[in-house]
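Right, one structure below, let's go through it.
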Amino acid sequence: MMKTKSLFVNVAISLAILICGIVVGRFLLSAKSEPPPKKYEYMGEIKTGFPPEKPLDHRISNYKNINKVGAVPDAATAYEIGNAILIATYGKNKIDYSESFGIQLQDGFMWTVRAQSQNTDFLFYYEIGIDKRDGRIDHMTVEI
């Protein structure tokens, strides 16, 4: 008689734990969380009116794809490079990550990455120019 009672208690406890797990997994964990803020905003390509840049007279890689599309092919790569340079230069606590970075492609070969500064009396923007073809840093400025 004693074994039957303890078996009944063990089955009831196991069944209760199983039901609680199903309820938690089905209802509590399925609540959608807030999506993370966008890291950057691609603002498109602009034409500055300067004469076109001459093509590189050397190969930058042994891979044909890199030589064709460039070392910095898209805005995501430009963001990663610009963010790394800003952190190394100014520090992570000087960049406002609540505002998304602004990225533009100028004349088809120059990525411009803009970030806003944090905790300053005036509004500063950090701007980095990255050559799409070979990844060279063209300019780095701070604007008020």
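Since the structure is predicted, the reported quantities are computational estimates derived from the model, not experimental observations. When reading the values below, keep in mind they use all heavy atoms of this one structure, side chains included, and skip hydrogens, waters and symmetry mates.
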- Item | Partner of F101 by ring-ring contact (aromatic ring centres under 6.0 Å, His included), out of Y126, Y40, Y79 | Y79

- Item | Side-chain heavy atoms of Y90 within contact of V142, under 4.5 Å | yes

- Query: Can you hop from L105 to V113 via hydrophobic side chains spaced under 4.5 Å?
  - Reply: yes

- Item | For the student: nearest non-hydrogen atoms of A71 and D134, plus distance | CB-C, 3.8 Å

- Item | Inter-residue atom distance E80.CD - D74.CG, 0.5 Å rounding | 10.0 Å

- Looking only at heavy atoms, the pair that brings A75 and W111 closest together is N-CH2, 3.6 Å

- Can you tell me how far CD1 of I128 sits from CD1 of I81, rounded to the nearest 0.5 angstrom? 10.0 Å

- Atom pair CD1 (I130) and CZ (R136), whose distance is rounded to the nearest 0.5 Å: 11.5 Å

- Item | L15 side, atom CG; C20 side, atom SG - distance, nearest 0.5 Å | 10.0 Å

- Set of residues satisfying side-chain contact (heavy atoms from CB on, under 4.5 Å) with respect to D96, sequence neighbours excluded: S98, E99, Q116, Q118

- Task: Locate the shortest heavy-atom distance separating Q104 from I46; write the atom from each residue and the value.
- Result: OE1-CD1, 3.5 Å

- Query: Partners of Q106 by side-chain hydrogen bond (donor to acceptor under 3.5 Å, both in side chains), sequence neighbours excluded?
  - Reply: T112

- Item | Atom of A115, atom of L86 and distance for their closest heavy-atom approach | CB-CD1, 3.6 Å

- Note on the structure: Residue set satisfying side-chain contact (heavy atoms from CB on, under 4.5 Å) with T89, at least two apart, ordered chain then number -> I85, M140

- Item | Pairs satisfying salt bridge (charged side-chain N to carboxylate O under 4.0 Å, His left out), at least one member in residues 39-52, at least two apart | E45-K47

- Message: I'd like to check V72 versus T77 (side-chain heavy atoms, cut-off strictly below 4.5 Å). Are they in contact?
- Response: yes

- Query: Would you say I144 has more than 12 foreign heavy atoms packed within less than 6.0 Å of its CD1?
  - Reply: no

- Item | K92: partners by side-chain contact (heavy atoms from CB on, under 4.5 Å), with sequence neighbours left out | I87, Y97

- Task: Output all residues satisfying side-chain contact (heavy atoms from CB on, under 4.5 Å) with E143, sequence neighbours left out; order by chain, then residue number.
- Result: R114, Y125, E127, T141

